Each structure stands twice: as C-alpha cells, then as structure tokens.
Peer 1: 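Mind having a look at this structure? Questions to follow.
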Amino acid sequence: MNPALKNTLLFCFVGFLLLITGILQGWNSALFILNMGLVSSILALGVNLQWGFAGLFNIGVMGFVALGGLATVLVGMPPVGEAWSAGALQVFAGLALGAGTVVGAVVIRKKLVGRARTFGTLAILVIGFFVFRAVFDAGVVAIEAVDPALTGNLGGINIFGPHRDANDMLLPDYFILLAWPMGGLLAAGAAWIIGKTALGLRSDYLAIATLGIAEIIIAVMKNEDWLARGVKNVNGLPRPVPYEVTLQSDPGFIARAASWGLDPVTASTIYTKLCYTVLFAAVLLILLWLAQKALNSPWGRMMRAIRDNETAAEAMGKDVTARHLQIFILGSAICGIAGAMMTTLDGQLTPTSYQPLRFTFLIWVMVIVGGSGNNFGSVLGGLLIWWLWVQVEPMGLWVMNLLTSGLADGSALKDHMIESAAHMRLLTMGVVLLLVLRFSPRGLIPER
Amino acid sequence: MSDPFLIGDAMTGGYGKGPDILHGCTIAAEKGEIAVIVGPNGAGKSTAMKAVFGMLNVNSGSVRLDGEDITRLTPQERVVKGMGFVPQTSNIFTSMTVEENLEMGAFIRRDDFRDTMTQIYDLFPILKEKRNQAAGELSGGQRQQVAVGRALMTKPKVLMLDEPTAGVSPIVMDELFDRIIEVARTGIPILMVEQNARQALEIADKAYVLVQGRNAHTGTGKELLADEEVRRSFLGG
Amino acid sequence: EDVKIGVILGFTGPLESITPAMGAGAEMAMAEVTASGALLDGSTVTSVRGDSTCIDAGAATAAAERLVTSDAVNAIMGADCSGVTGAILQNVARANGVVMISPSATSPGLSSAEDDGLFFRTAPSDARQGVIITEILQSRGVEQVALTYTNNDYGKGLADAFQAAFEAAGGSVTISAAHEDGKADYSAEVGALASAGGEVLVVAGYVDQGGSGIVRSSLDSGAFDTFYFPDGMVGTKLNDNFGAELNGSYGAYPGTDSAGAAKFVELAEAAGFDGTGAFAPESYDAAALIMLAMQAAGSSNSADFKDHVFDVANAPGVEIFPGELAKGLELIAAGTDIDYVGASAVELIGPGESAGNYQEIEFADGVYSTIGYR
Amino acid sequence: MIVVENLVKTFGGFHAVDGASLRIEQGSITGLIGPNGAGKTTLFNVIAGVLKPTSGRVTMMGEDITGLPPHELFHKGLLRTFQIAHEFSSMTVRENLMMVPGAQSGETLWNAWFGRKGIAQEERALMAKADEVLEFLTIDHLKDEKAGNLSGGQKKLLELGRTMMVDAKIVFLDEVGAGVNRTLLNTIGDAIIRLNKERNYTFVVIEHDMDFIGRLCDPVICMAEGHVLAEGTLAEIKANEQVIEAYLGTGLKNKDKVMS
Amino acid sequence: MDYLNALVAFLNFVFVPGLAYGAQLAIGALGVTLIYGILRFSNFAHGDTMAFGTAMTIIGTNALLALGITFGPLPTALLALPFGIGATILLVLFIDWLVYKFYRDQKAKPVILVIVSMGVMFVMNGVVRFIIGVRDIQFADGERFLITARDFKEMTGLDEGLAIKTTQAITVVVALIAMALLFWFLNKTRTGKSMRAFSDNEDLALLSGINPDWVVKVTWMIVAALATTAGVLYGLDKSFKAFTYFQLLLPIFAAAIVGGLGNPLGAIAGGFVIAFSEVTITYAWKKVLVYLLPENLEPDGLVQLMSTDYKFAVSFAILIIVLLFKPTGLFKGQSV
Ligand SMILES: Nc1ncnc2c1ncn2[C@@H]1O[C@H](COP(=O)(O)OP(=O)(O)OP(=O)(O)O)[C@@H](O)[C@H]1O
Ligand SMILES: Nc1ncnc2c1ncn2[C@@H]1O[C@H](COP(=O)(O)OP(=O)(O)OP(=O)(O)O)[C@@H](O)[C@H]1O
Ligand SMILES: [Mg+2]
Ligand SMILES: [Mg+2]
C-alpha cells in the first residue's frame, strides 16, 4: 500500500474510533477524549522533536508538563495581596541570594585553581546556603501563614479576573491563554539550565538525569506552598471558554440550543468542549507545521546527522552541543505549552497527580507507537494511545465479563475475576501496546 | 570432477528484502590452497563471504563443505563444522580485553588452547603487550590483528578472511601473509578478500575477480597478475 | 425506573488497596435499597464503576464523562482523591448538573469550590479533626509530639490543622515531616522524626500506605513506641500488621456511640468485605444519602434532589442506621422526617461536608477498641 | 601551516603520543606513516580537537588552536576523515554529503520556518555539487541508498567525499586507502594531487600503502611509539634502518612456498 | 559529651537502615544492570518481575506453613524462595519467547525494547494483582531481630538503642554475595564471557560459535533469580504490595545508572549511594549533636539540611552531580 494512503487511512481509523465513541458513549465523551488527545499529540510532538530528531533520551517530560501547569496558576490566578506584602520581598531576596550563591560558586571555580578552588567553592556554597535559608524561610513562613486553608500562596498576576456577568455567573477569561506561552517559556528556561549542565550525558544516563530533574521540579511544586499551594492544590483556574453553567442560564443560548433540537445541558457541555477543540487544534496545527518545516529543511538534515553520529557531525562543523541545547529547549517548551493547556482544561493544578507513568512514559509510548522521527506519527500516536488509555477501562471490564460468562454466577473465581477487572485496564493497555509494536515495530507511521 | 573442500556454488541472493547483490557467484577453496577474491568496491566480495557463512539469504545456489551441503545451516552450526571467519567491519569485541577476544575465538574448543594463544602472541607481539586492554581502545591496525588472531584461535578447518590486511603496517602485513601461507600449508583452505591485491595474488593459488556480484575472471594468482585488463581495471595498473 | 449511581474511585493507582472495600460499601447500600423495593415506587439501583486512578485528572474526567453522558448516571458516589474529585466536579458534575458525594476527599480547598450546590462529602473536615486530636492528646497529658503526614492535600491539610490547634493549646510539635505514599523506604523520615523526638508520634497517613511503613520503621528502630492514629490510619490492618507492638497507642476515627459503625462492620462481614477499611463506611453513607435524597425529592434527577441531601442527613428526624435504609425510605415516603446517621454518623455542615463525630480508640492486647466518643 | 610542538597524549598511564613535534608546510602533501599503534590517529584526533592533549601546543598559521572543538576547526578550514568510517548511517549517501557545507542558511530554524526561496536554490546547488562528487567517486548509483548499507570500501569513499564538499585549507586523511580498490585509489590519488595543485589544499595522509605514499607525498614523516622517528622524502625514509626494522620489514619469508 | 550514644544513634537511624535499604536496592539493580549489560535495554518490567516472584514465594510460603513447615529462626519465605525463583524463571522465559525474541531478531533499537518492556510491565502488573491482589501482605516470620533496640539498651546500659533485623543482615550478605558471584561469573567463566561477547557484538558472537539463545536464556534465568530474591528480601523487611514494587523501579534504576550500567560492582555502589543520600541529607543531626556537644552549645533547631519532603529530590540531585563528574556512572558503565 502506498504510504500516504496508509497514513490517511490510519488517521481515518482514529477518527472512526472517535466517531464510534461518540455514537456509543455520547459526543461529550468523544469530544473530551479528542481534546485530551490533541494535547497528548502536542506532548508527543515535543518528545519526538527531542528523540526522533536529535536522539535525546528525555524522560523528564513530566517536569516540563508540571511547569506548564504552574504557569497557569502564576498567570491565571489573581494575586493574593496580603501575601505579597507579608513576605514576597523576602522570598525574592532569598531566591536572588540563592542564585547569587550558585553564580558565585561557578565564578570562583573558574577563577581559582587547586585546593583554593575546592575550598573556595565549598565555602561559598555552604555560607550561601545558610544565608539563603535564613532569608528565604522567614519569607515563606510569612506568606504561608496567610489563610493557609484557602490561599497561603502568592497567587498569580491576573489582576483583571475573575469576570462575572450581571447574574454573577462566571465569564471566560482570555487572560489565561497567556499562560500557554508562559508555560512554554518556563519550561524553556528550566530546559536551558538542565541542558547547560546535563546534556553532555549519553542515552540512559541523560534519561535518568532528566527523570531526576523532573522529580525535583515536582518536589518543589509539592512542597513550596507559597508558590502554588503545594499539595493543597489550586482550584478554580479561569477558563478561556464559556462556562457550561453560565450558558445554561443564558436565555439566548437556551433558545439557540432548542433550535438545534438539544437540551441546554447537552448543548452547553458540547459547545464548551468544541471551543477547547478549536483552540487546541489550532495550537497543534501551528506546532505541527513548524515541526514539519523544520524536519524537512537543512536544519532537520543536520539534526538527523547529529543523531546518527555526533563525532562525525562535529568534525563536519556542526556545533553539536549548541544544537542539542536548542532542540532540548524547543521540545521542552512544547511540553510546557501542552502542560499549561492540560491544566487549563482540568481547571485546577494538582501537583500530586504528576506521576512519571502518566506524564512521561505514556507520552513515550505515544511517540514510539506512532513512529519516532515522524511528526504525523506522533500526532497519530498521541490521539490513538490516549483513546486507548481512556477506553481500556471499559474494554477490560468487557473482556472480564466475556471471560467469566461461562462461569456460574457467584462462583468464587468469577467474583475474583470481576473484582480484578479494574486491573485489566493496565493489562489491556499492555496487550494492545505489544500487539501494535509486534505488527509495526518501527511505529505506525515510521520515519521515511 | 570432485568438489573443492569449500564451495559457494552459483550463489544468488541479497540482504533482507532488498535486491539481489550476488548473481550466480561462485567461490571455492581447495585443501591447502589460498583463494583470493578481488574486485572493485561494492562488487559483492564481502557479501559473497557472508553468503558462504550463512549470514544472508541465498535464494539459489548452494554452499558445500567437504562434500556436505550446508546451505541451510546457521552461522553458528557452520562454526561448529570448523569454519572460521574474520568479517571486514566490526570484527572484534570492543568492550572485552584482547585476551578475552582471543578466548572467544576458542569458544567452541574444549581442549587446552593456551598453546594457540602463545602462537598468536608470537605472531602479533603487540597484542601480548596489550592483552589486558579493551580491544576498542586499540589502534586500527592493532584491531585488525586481534580480529585475525581471534579467527586463528578457533583452529578452523577452513579460514575465511575479509580484508585482513586493511590498515596494518607493511611489516605486519608481511608477517600476516607469511602466517597465512603457513596455515594453508597445514592443509587448511583459505578464502580471502584482499584489496592489497598484488601482494595477495602473488601468494594465491586461485583467484577470483568479482564485478557486480558476478564472477568476471577466474584463474591462478599469477594468471590474473599477468592479465593486462585485470591489472588495469582492478589492481591499479 | 432503574436508577444508576456512578462509583468513581481509584481502583488502580496508589489507593487501589482501599478502594475495593469503598466500592463494596457503596454497592452494599445500593443492593440494600434495590432489595427493599422502597425507592421511588420500586426502582432498582445499579452501580456503574469508573476508575479515577486517583492521580490522573484527565483519565478520571474521561471516566466520569463516560458515566454521565453514556451511562447517564443520576449521581456520582466519588471521587476518592481530592485532586481528581475537584477536576470531575468542575468539568463534569457541574457542567451536567449531577450530584456528587465524595466519601474521602477532605481537602479544605473543596469547601470553597463553586459547586452549584451539587457537591457533598461524608468525610469530615480536617480542621475539625485537628481539634479532636489536640483534645485527646491533652487529656493524656502529652505536650510534645512529632508529626508526620502523607504528602497530599489530606495529609498536609490535617497536619496543618492539627499543628495550629495543638500549638494554640500550648503543646509543641517538634517536627512536621512529610512522607510520600507507596515509596520503598522510610528510614530517612523515621530518622528525622526520632531525632526531633516527642512523647508520641502522630501519623497522619493511610494505614495501608506509607503510614504503616512509618510505624513499622519506627517500631523496628525503637524510635517511638506510642503513636496517635488519625482517621486514615485506623483499620483492622493495624491489628494484623502490628498487633501487640502497638499496645498503649491510641487514636480516633469518625464514628459515634450510635450502633451504626458496628452494624456496618457486621453487614460488611456478611457481604464479604472489610467494613473497617478506611472510608468504607463513608462510602456506604454517601451512596445511602444519594438514594434517601432522591426519595425525599421524589425524583432521581440531580437538579431536584440536590436540595434534599441536607434534610435527610441532619436532625431532626428518626435516626437511620446501616441496614435500615428500607425503613428510611418508607418513612420518607410516609412524609416523616429522618436523620440519617449511617455508618459514620453523618452530620452535614456548612458547604455540605460531614461535621465529624469521632470515636477514640486504644490498643490493648494487640487489638484496638473504642474507649470513648468525642 | 600547522606546527605541532611537543605534543603528549596519555590514556591512563599509556603515552599514545609522546612528545611529537612536526611542521606541515603550506601546500604540501605530507605522508604520515608508522607502525600500528604509533600514535598517528591519536595525533590526528588531538589536532582535530576530538581529544584534548595532555600537554603540548598546536598552531595553525600562527594561531593557537590547541584544544579547540572540532566544529570550530572545521570553520577554520581544517577537515579530517576517520580511519574507521563514521558515516551517517540512516541518511542517504547524498544527504551525507549535502549536510557538510557550513553556514547553510537553512540550518537556522528561523530560515527553515520563514526562509524565502533562497534555501531551495541553495539546496539545488548543493545537490548538484554532491552528485558531482559522487560521480567522481564512482558511487553515484548509490546516491539514494542509506549510507549504512554501503560496502566497507564505499564508506571510505564517502568519508573522502565529504572533504570534497567544501573549500578546505587543510585536510587530514586517515587511511583513506585501506579497503579501497587500488584502481580507484589511483584515481583518488589524482584527485588529491589536483586539489592540492588547483585549490592549494594542504594534505596530511596516513597510509600504509607505500606505493600510494610514494605517488603523492613529498615530505614523509614516520612516527613510532608516539614520537617522530624520521622525516624526509620517501626514498630517505625507506633507507632508514630504524624505519625498516620497525615498520617496513623485509618482505615475505614464505615466498618460497609461492615459488614452489 | 557522649561519643558512644552519639555513635549508636547514628548507627541505628542512619547507618543500619541505609545499609539495609541500599542492599535491597542493590540486588534489584543487579538485575536491571544485567539485562542492560547483556540484552542492552532498560527493563521497565523489572519491578513487576520482582512483584511476581515475591507473590509466588508468598504462595509457596503459605503452602509450607499450611503443611506446618517452618525454617526455624529464619523466615519460612527463604525456604519457598526456590519455588518462587523457579516460577519466575518460567514466566520470564515464556515472555522472552513470546515477546522480546521477535524484536531481537528484528534487531530493533533499544528504545523499542524499552517501550515493549513497558507493555510487558502493564501486563505483569495486571497478572500479579490478579493472582495475589492489591493489598499489603506481611509474610515475615521467625526471629525478626538479631537484636532489638530495647535489648541493646539493657545489654549496654546506653540511652540509645541499636536494632538489627534478621532480614537486614540477610539482605546485606546476599547482596554482597550476589555481586561477587555475578562479577566472577561474567568475568571469569566461559558462559559469562560469552554473554558479554554477545552483548558487545552479536554477529561476531555468532561467528565465534556462541549460541545466542542460550545466552539469552541464562541471562533471564539469572535475572529472574535476582529479581525474586530482591523482591522477597524487600518484602520480608517491609511488606509486599504490588504498587510499591512498581514504585521501587525508580530508585533501582537510579542505583543501576549511578553505579554504571552493566557493571555489578556499580549496582552495589549505586544502591548504597542512593540509599545513603536519602537517609543522610534529610537526617536531623540534632540527636547526634546533643550527645557530642557541650550543653551550652546544644542546637535549638533540628540541624536538618533539608526537610524530608525533599528526600527524593536530594537523592536525585546527588545522582545528577555524580553523573556530571562521572558521565557513565561511578564504575564506568556501558551506554548504547
Ligand atoms: N582510548 C584509548 N585508550 C587507551 N589506549 C588507546 C586509546 N586510543 C588509542 N590507544 C593506544 O594508543 C596507541 C596509538 O593509537 P593510534 O590509534 O594513534 O595508532 P595509529 O598510529 O593510528 O595506528 P594504526 O596504524 O594501527 O591505525 C595504541 O597503542 C593504542 O592502543
Ligand atoms: N547490510 C546491507 N544491506 C543492504 N545492502 C548492502 C548491505 N551491505 C552491503 N550492501 C550493498 O551490497 C553491495 C556489495 O557490498 P559488499 O560489502 O559485498 O561489497 P565489497 O565487494 O565487499 O566491497 P568493499 O571492497 O568496498 O568492501 C554494495 O553495493 C552495498 O551497497
Ligand atoms: Mg567488503
Ligand atoms: Mg590509526
């Protein structure tokens, strides 16, 4: 079969899956899966950029997604005025001191030699650490004391929101859209620091280093309550799309819904989801276009050369370190954007929910199943694997029911099997994954 | 006419699902004989060697060893039958020490192989010096010596060498050819690809010129050396 | 009519070991009602399970979405972890106007979430428990404690609430150290706790999660021998795991001296699951409240019965215990006011959360038993 | 052109290059020979920036280039080939060549995204150039083949081809001849001479084939055990006792077998 | 000043637990490192292999106990261990035949194998939970302690106690023996060397007459044995729970990598690095200092560098710092 046709068919297949979902489980479900699928595709695109293009084994995706999530709070939430006056200054001074310490240590390391260097660096680090803790901790305590059950953090920069209509119903707040590029920037900044230090590492060593850094980012987000309430979560993030309840109370909308033959609840939920779909699809298409353009340019060729053989690429005048850094930052920024989009969709930031299985490994599965090195593969993988991730739950139950249908009701084995149905979810996922990779080991849409 | 000891007869085949590289190519070596294969780059010399060793699909034709058809055997089984092979590229275990590389050469031997190892060290003294160094850290020529040494360790019944002298210094090359002659003298057939063709043809009992996967010329080493066209087209004048 | 109630819990993921009992608790209530035939003129109640994964807001929302739009559930019993609960509430429950009663989400943040009157919880608030713990400790003359909490909104919220209450009452907390659930080793935490010292170690965690790990490590290394166990830690698992090693330790968990709790354990035993598992009683109650409220409203439509949840849960009225749901339904049908007590002595307050009655327990001879109520 | 002073490179305790000093004159084709393990490749690697020297100095046209990374050296006009071929195995042969030239405008992302038609033109020129080189190396029929599937010798040719894609000042060839058919090697030799004459490239050639060295190289430097053993014309070197003993040898002992 | 008490406090809360935890990680890391060294991929299913082996051993233990057989002062589980290992060997060999072999024959890239192993992980995940459930299971019996804190205090008259558990001692000993055996096996025996040769250059190994199937089988058998042992020893010390075993994967990987992949010595060293960095950095040194310093200098605070919240962050930070100075781990590991 000709590849273009095959690829089109594959995308049609995913569309078909969504269609079936819509018919069998309702359009809300289908649209919701599509929306998260779009975000997943963006994530996969980012990982593919790093792995497929440049061979960088980044399994710290979760960290960048989380930074994107953090951005939604920092941008979308209104500032907590009291907290700002209580300790913001001290916290920022502390952070500046901390950064200064690190910079100082680096400078000293460059300047001095031998013993003096070791001791000088150590001395700066130790003294700096304690000064930093002294200043910083006091500020943190002050901020976190401000109504800890509800805020206890600095909040964000959204001085405009929240917007409400005359009936006190929430209106969309487009300011939150700013969080998406901000999430990208935040992730890019982190990627820059990580890249500067760790990109010299090879394959699995880089992998575990990035994984570690992701864990560190999550640890900070969980424990620095002044930033985004830590494990206490931030609820009620603004949305860039209309609220269902607001729509449901809007007579104009009800009338329009009626004219489509829909009840207001269904109409409003679908309408809201469609708004997200449009936004997400737009972001995805832009990024996909950029990635495609890049891949098929001399730049892409250079990246593939670097991936194939760094030594030779270096000898052919390509600055491997700089290119690696560049693509690491780009890929991470994309993950950051996707992270912000995801949190926007959830409407809340939940640091405990960032688990490597879900936010790193699942994304890798998407990239590999889709076909690493191929942007369309990543998009396909993102949509397909996400669909599976959601649908294996009912599938697992269905399989179990099928298996036990022959057994007598109330038999111990049957009960045990039905009870285990939830775990069939992961099992089904594994089986499907193995089957896909069995029949197309290079992914569904392989690199040319 | 009885078969030569080792013969890859009218082999046709290629890599995986790709096009055929060999087209009815025949190469053979008699006991005690040195057979040399020469030809332009990409002619299929290495491919022919691999085909004889069972490392790619032979669609038609056969490989026979001592009268026995071994076309369907795996490379491993051929090793057990006494075939030794030095591939052209990635022919050493880079992460293992020189000595371990040699030991691996003697993997199928159950007897005491220390003697053989001493012989190899005599042949390539530099290897003795570097015996505990990872082979991947050796210079190009030294690696080549390890590769040949590894094959010799097997005490094979037939020896196949793919460009054993590429990158080795003249003095070592001479030693190597000397040794190859010695080995051949003990009655072992040797099948060898060489680009140092003139030297190789001088010691060859039989020589093949391969072009695009086909036998272009066959004869004794001297015949080919004397052939003006062969000299010009394949031996560099 | 066939009334459907979605049971959304983390059947896979970090809470996978307690959710089976929670699910069973909720479904027991449904079975009871179905058997009685007293709900809304003989309606049956079916449970539709969904996996919240506890950690993946996306997957949880998708599951909820499926339950609400495809299975058309009339209400949701769930979710378990506060994070996914908030996500489902905002993205699915509110959007579709479906009532949601969580048995275990205790985050104070949820109190202030906009919920259009759709969200309730049968779990008591952390702030209340902080005071209870303080009272119990002080009654035993304890002035200095070490504190460890599971690093999520429940643990952190409870730890903060307790520390504030305890210090206000003149006690001192030597250290407040987080522990992550499901991790391999707790020596570091126990080392720090032991070093800080204290008469008692307060373990604000889950009994079959890191909490037990901390207790195990503390006992083994001799760091502490007396513990205080808040609600998440109390369960028969403690008896099984530690037995006599815990003699002298104490704690408290939601419950009244009403016969409800004991009755529930009995019922659970008959149904073949562990009624003492964390949040299993609350799950039963959550499901029961949903159905009772439906009866009170005379409708299985969320928009109708959401305003009746408070009525059936709180006094005045005839007290209803586990196993008496049929009676409750009939009373309501007859127009009598009821006060559902249930397995965890539910009393809804403020924004629809359990007021929290606690029973104090103490270990002796390797098992814990209730010694009083607060 | 290149001056190497007292260069030392150690691996662990082993001195691979041990105080080598040499000059490479502008416009020359210098031969570098020596026994296996003499340190020739290591010397190349140090000069080309792949390895950091333990001590010593390398200057290029008076400028200190010790320890500069390879990609910077490339832009200064210093190119090298690898003894063990380093092709970009999953790219086509043509792409292997097209990626070489530096400062392609399409190699910056901005241009890749928003670049004008300029890139397409540049690409066409590059492609033409690459095809020309491939034709010269007699492997133009393989231009769309994955480089990883080339034969051993073809990879060596590709290695050489890359140096022909740009205008270099000095090219280090590490055993381009090993595994290359002698007839083709002669052609390559001609090309080297032509590049040297016409474009004034300087070459440094490591080779074990004395005929090839003899045809091309004027000064020949013989290394042994990490330092320079002898230097001069090939004839001088060939007459040097030490070189004969360490490197050239005296021919086959078993010739008799062939004679018989 | 009281050096003895300070020392005992340090031993009891830092050294002994760190040593035991380090050894637990190390045995797990040995398995990971072996797969990486020979079969050249990071096996994500390792945690679940451990869980499976332990589950089997628990079933065996229960059977033994039902028959009234115990192992005296030692945990009965150790008697059932061979059964667990046997079952695990059968399982991994089956999985290899069913799944991995295909990709090996295809010469698939390591990352494909990594993702495939994730698929296997999901499946085993389900299987283990199906067999033994999701609950916490304690299966340790016999003498739990070599010495308890209370006994130690009584014996020595010190204020501080020192507790050493039987399983801790066994774990440390087993870890060291396993490491030594593996090291010897890989570097000195014919089979071991052929395994290394196979991982280095598969084609050439073939040409040397090495039977690849055998190499793969032996590798899996050793890995299964190591995984089961690691899982059982961990479970004896703490408890068995499927989810925790999955979570163990991260520190185990960290240990294998910081030590240098493919190197048994590295796995051991890595295990201890990870364990001790977790335990020491967040330790509150107050207790030790109180004994050491004169009264007027006694610290007010806890003297804790970082709060325990940052335990993992710190151990990962240390890992990264180690890698920055030693890019392929402490013992020069392999990389693909
Ligand atoms: N990474 C390394 N570690 C240890 N020793 C090394 C390393 N690289 C090279 N050597 C040693 O340094 C010496 C010089 O090697 P080099 O590759 O420079 O030799 P060469 O002159 O190029 O030889 P050849 O002609 O065989 O290519 C050799 O003895 C080799 O074993
Ligand atoms: N693994 C492979 N897959 C596909 N094609 C291959 C592969 N290896 C070699 N070829 C192709 O087969 C042809 C013959 O290759 P072979 O290696 O046999 O040449 P050779 O005669 O040994 O050349 P050389 O002297 O350069 O080593 C070449 O055109 C090459 O491109
Ligand atoms: Mg060849
Ligand atoms: Mg060399």
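None of these values were measured; they are calculated from a predicted model. Sequence lines set the chain letters: A, B, ... in the order given, protein chains first and strands last, and positions in each chain run from 1.
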Peer 1: Apply side chain to side chain donor-acceptor pair (under 3.5 Å) to N309(A) and H86(D), showing your working.
Peer 2: CA-CA 7 Å; N309(A) 194 325; H86(D) 277 49; 4.6 Å; no
Peer 1: If you count heavy-atom pairs under 4.5 Å between each of R323(A), M302(A), K318(A) and chain D, which one has the most?
Peer 2: K318(A)
Peer 1: Do any N or O atoms from the side chain of W113(D) and from the backbone of L290(A) form a donor-acceptor pair under 3.5 angstrom?
Peer 2: yes
Peer 1: Does NZ in K196(A) sit with more than 12 non-hydrogen atoms of other residues, nucleotides or ligands closer than 6.0 Å?
Peer 2: no
Peer 1: Find out whether S90(D) and R307(A) are in side-chain contact, i.e. whether some heavy atom of one side chain is under 4.5 Å from a heavy atom of the other.
Peer 2: yes
Peer 1: Tell me, side chain or backbone of L126(D) under 4.5 Å from chain A's heavy atoms, or both, or neither?
Peer 2: side chain
Peer 1: Rounded to the nearest 0.5 Å, what's the gap from CZ on F74(D) to CE on M316(A)? Could you check?
Peer 2: 6.5 Å
Peer 1: For the residue pair E314(A) and P69(D), establish whether any side-chain heavy-atom pair is separated by less than 4.5 Å.
Peer 2: yes
Peer 1: I need the single residue from E95(D), E107(D), Q104(D) that forms a side-chain hydrogen bond (donor to acceptor under 3.5 Å, both in side chains) with R301(A). Which is it?
Peer 2: Q104(D)
Peer 1: Take atom CZ of F376(A) as the centre, draw a 6.0 Å sphere, and report whether it contains more than 12 heavy atoms from other residues, nucleotides or ligands.
Peer 2: no
Peer 1: Pick whichever of E122(D), M91(D), E87(D), R80(D) has the most heavy-atom pairs under 4.5 Å with chain A.
Peer 2: M91(D)
Peer 1: Do P298(A) and M99(D) make a side-chain contact, defined as non-hydrogen atoms from C-beta onward lying under 4.5 Å apart?
Peer 2: no
Peer 1: Please find the pair of heavy atoms, one from W299(A) and one from A112(D), that lie closest to each other, and give the distance.
Peer 2: CB-CB, 4.4 Å
Peer 1: Using non-hydrogen atoms only, which part of Q326(A) is less than 4.5 Å away from chain D: side chain, backbone, both, or neither?
Peer 2: side chain
Peer 1: Does NZ belonging to K146(D) count more than 12 external heavy atoms closer than 6.0 Å?
Peer 2: no
Peer 1: Please flag which part of M98(D) lies under 4.5 Å from any non-hydrogen atom of chain A: side chain, backbone, both or neither.
Peer 2: both
Peer 1: So does L109(D) get a backbone contact from the side chain of K293(A), meaning a donor-acceptor N/O pair under 3.5 Å?
Peer 2: no
Peer 1: State, yes or no, whether a side-chain contact exists between T311(A) and F82(D) at a heavy-atom distance under 4.5 Å.
Peer 2: yes
